[in-house]
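Convention: sequence-line order gives letters A, B, ...; per-chain numbering from 1. Computed from a predicted model, the values in this text were never measured in an experiment.
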Amino acid sequence: MEPGLLRSLLPTNLAHLLKTRPLHALLSDASTSRAARHLFDAVPHPTAALCSAFLSGLSKLSLHLELIEAHLLAALQGAPASRPGCFPLVLKSCALSQRRARAGRRIATPLVRGMLGDVFVQTALVDFYAKNGDMVSAVKVFEEMPVKDPIPMNCLITGYSKSGDVEKARRLFDGMPRRTSASWNSMIACYAHGGEFHEALALFDRMLSEGASPNDITITTVFSICAKTGDIDTGRRARALIGERDLQNMIVHTALMEMYVKCRAIDEARQEFDQMPRRDVVAWSTMIAGYAQNGRPHESLELFERMKATNCKPNEVTLVGVLSACAQLGSDELGEQIGNYVESQRLPLTSYLGSALIDMYIKCGHVGRARNVFTRMEQKVVISWNSMIRGLALNGFADDAITLYEKMVSDGVQPNEITFVALLTACTHAGLVDKGMAFFEEMKKKHHVSPQVEHCACIVDLLCKSGRLWEAYKFICDMKVEPNAVIWSTLLSACRTHADVELAKLAAGKLLALEPDNSSIYVLLSNIYADAGLWGDVREIRDLMRSKNVQKLSAYSWIELDGEVHKFLVQDTYHPRSAEIYSAVDGLGLQLDQTNPDPELISE
DNA sequence: CTAGGGTTAG
């Protein structure tokens with residue numbers, strides 16, 4: 001079409017636009033689908049190239065369903081939308097919008113026969129089949145291609161990665177005549193996907209030593225692997241490449257932040273966050289959740305307040321992080337406030353958001369609100385049930401927890417390890433020995449969940465609480481998993497309550513083998529001896545402690561200031577609010593440590 | 001104007 005003719009057909013504002021950039025560029029880079037549609041509809045007889053440009057615009061906006069529809073419509077109206085150039089876009093949209101796999105197949109099948117000459121269509125077909133997990137068809141199309149181009153091979157590697165076929169991916173990778181950065185990236189991601197992080201990083205090293213060019217995507221993948229393995233050294237090495245090769249972008253920085261977060265280098269994560277020129281919702285969410293995960297809820301909430309002052313809107317992920325921070329503070333007032341804020345956002349109550357809300361309400365003491373959230377959740381997955389059962393258990397509603405568990409099973413939801421920890425916790429808190437033992441058996445036999453140390457700890461606690469100490473001891477000896485310190489100290493504590501010196505010696509011995517420097521074991525044992533009037537043994541323990549140079553540790557205390565719970569130790573100079581805690585303790589008329597008249601506070 | 005690889009949560 002003549003440019004002059006087109007201009008005369010367009011409304012004046014569009015004609016003005018066209019003076020600055022060609023129509024196909026405007027279509028391809030449109031900022032909204034409305035803008036693209038507006039332009040495209042103004043063209044009376046669009047050329048094939050303009051159809052491609054229009055679809056490309058929708059593709060860049062990730063409007064996959066709209067793209068498929070537009071393509072069908074254009075084809076029906078006789079526009080040349082069936083030129084080869086349009087199909088890669090349509091297939092890509094079909095592959096990316098999962099619900100359109102069948103539509104994609106309807107388009108793909110005739111293409112396999114009709115347009116095998118076009119490399120772009122063939123590549124799009126390989127990608128489409130690979131993304132749908134149909135590797136047989138993907139390989140078939142690929143084998144018909146005349147040249148072994150790296151792009152379709154990368155698609156195949158990614159496809160094998162999705163279906164867990166790391167071996168086949170590697171064979172393909174090894175046989176590539178030419179590799180691009182994406183080939184390495186796909187193969188590294190493939191190992192990472194299969195949990196073979198060591199292999200993935202080894203390949204990254206080989207990539208560097210062979211002189212291939214790592215790009216922004218390579219280091220993003222590497223950061224994400226280092227985050228999962230806690231390998232901060234490799235992460236730092238990859239970080240050096242950002243500056244060397246100018247691989248800056250938002251995703252790279254966010255992945256790097258996440259790496260620091262998971263390696264517990266939270267201040268370095270914050271440094272990275274502060275240096276970012278722009279921050280999207282993922283960057284904010286990563287940092288907010290990062291503080292929460294590293295036990296720094298105040299900074300998490302502080303950052304959330306700062307985020308609200310920007311024009312970056314918090315999403316579900318952000319709020320899950322915020323709720324987790326709020327749960328850690330355990331303040332009923334703040335819990336109510338944040339809870340109201342989150343619920344006022346009118347976001348759909350997904351399993352993620354629902355569980356985070358339940359956890360938060362439970363920890364802040366709003367059991368009723370937690371129950372209310374649970375009732376409103378439409379899609380309840382195992383984790384949702386687990387959150388609610390655990391919440392009820394921790395708040396002493398053992399019967400409700402058990403009823404909920406029974407409802408879960410009758411609803412056909414398969415309970416997992418966590419469910420039984422929650423359920424057994426409920427029995428422990430209520431002292432329901434027989435029920436607890438029965439659930440333990442049900443867990444193994446009916447639900448095929450093998451007991452972990454946490455489950456066994458519940459049973460030991462249960463038996464100990466009802467005074468069946470030797471039965472608990474026998475249970476520990478018969479356990480399939482190695483008993484840990486928690487289990488032995490449960491037994492040891494019970495030995496004091498029930499004045500069982502003989503068993504106390506056994507338990508303390510096992511415990512000291514696991515934790516030789518834990519002074520509380522000596523203290524407890526010495527108390528048990530003292531209770532029984534065995535002063536000789538008490539002295540022996542004291543001498544032993546002195547000879548082993550074991551320090552007596554102070555106990556933790558908790559105190560609430562302004563609705564927040566602070567944990568502190570005697571001799572603390574570190575706690576940010578030590579002075580206030582001090583005066584609050586003073587106000588209670590309590591003595592922190594009688595041997596030390598001027599105790600300082602130590603923060604956790 | 002058409003094909004490949006990457007980041008956040010319970």
* NA contact type, A:Ser181, heavy-atom cut-off 4.0 Å: base, sugar-phosphate, or nothing? -> base
* Taking the inter-plane angle between the rings of A:Tyr361 and A:His366 on a 0 to 90° scale, is it parallel (under 30°), tilted (30 to 60°) or perpendicular (over 60°)? -> perpendicular
* Asked: Between B:dG5 atom P and A:Leu156 atom CG, what is the distance in whole Å?
  -> 12 Å
* To do: Answer yes or no as to whether B:dA3 has its base stacked against A:Phe120, where stacking requires a ring-centre separation under 5.5 angstrom and planes under 30 degrees apart.
  => no
* To do: Quick one: label A:Asn215 by what it contacts on the DNA or RNA (base, sugar-phosphate, nothing), any heavy atom closer than 4.0 Å.
  => base
* **d(OH, A:Tyr129; P, B:dG4) in whole Å** => 16 Å
* Indicate, yes or no, whether a donor-acceptor pair under 3.5 Å links the base of B:dG10 to the side chain of A:Ser351. => yes
* Asked: Does A:Ser56 place a side-chain N or O at less than 4.0 Å from the phosphate oxygens OP1/OP2 of B:dT2?
  -> yes
* Quickly work out the A:Ile251 CD1 to B:dT7 P distance and round it to whole Å. => 8 Å
* For A:Val126, answer base if it contacts any base atom (sugar-phosphate contacts may also be present), sugar-phosphate if it contacts only those atoms, and nothing otherwise; contact means non-hydrogen atoms under 4.0 Å. => nothing
* Asked: When the distance from CG of A:Leu347 to P of B:dA9 is rounded to whole Å, what number comes out?
  -> 17 Å
* Go through the side-chain N and O atoms of A:Lys380 and A:Ser351 and say whether any donor and acceptor fall under 3.5 Å apart. => no
* To do: Under 4.0 Å between any heavy atoms, over every strand shown, what does A:Asn249 touch: base, sugar-phosphate, or nothing? Just pick one.
  => base
* Structure fact -> Whole-Å distance, A:Phe173 CZ to B:dG4 C1', equals 14 Å
* Under the side-chain contact (heavy atoms from CB on, under 4.5 Å) rule, what do A:Met135 and A:Tyr129 come out as? Steps first, then yes or no, please. => CA-CA 6 Å; A:Met135 294 310 290; A:Tyr129 284 125; over 6 Å; no
* To do: Could you pull out all residues at least two apart from A:Tyr352 that satisfy ring-ring contact (aromatic ring centres under 6.0 Å, His included)?
  => none
* To do: Verify the contact: side-chain N or O of A:Gln293 to OP1 or OP2 of B:dA9, cut-off strictly under 4.0 Å; return yes or no.
  => yes
* For A:Asp149 and B:dT2, give me the distance from atom CG to atom C1', rounded to whole Å. => 14 Å
* Structure fact -> Taken to the nearest whole Å, NZ/A:Lys60 to C1'/B:dC1 is 8 Å
* Find the distance A:Lys92:NZ to B:dC1:C1' and express it as a whole number of Å. => 13 Å
* Heavy atoms under 4.0 Å, any strand shown: does A:Thr286 hit a base, just sugar-phosphate, or nothing? -> sugar-phosphate
* Cation-pi, A:Tyr341 ring and A:Lys308 (6.0 angstrom, 45 degrees) -> yes
* Under 4.0 Å between a side-chain N/O of A:Lys131 and OP1 or OP2 of B:dG5, yes or no? -> yes
* A:His71 and A:Phe87: CA distance, side-chain angles, deciding distance, ring pair (Phe, Tyr, Trp, His ring centres under 6.0 Å) verdict -> CA-CA 9 Å; A:His71 176 255; A:Phe87 284 103; 5.4 Å; yes
* Does A:Lys262 have a side-chain nitrogen or oxygen under 4.0 Å from the phosphate oxygens OP1 or OP2 of B:dA9? -> yes
* Ignoring the backbone of A:Val282, work out which of B:dT7, B:dG4, B:dG5 is nearest its side chain. => B:dT7
* Among the candidates B:dA3, B:dA9, B:dG6, find the nucleotide nearest to the side-chain atoms of A:Val320. => B:dA9
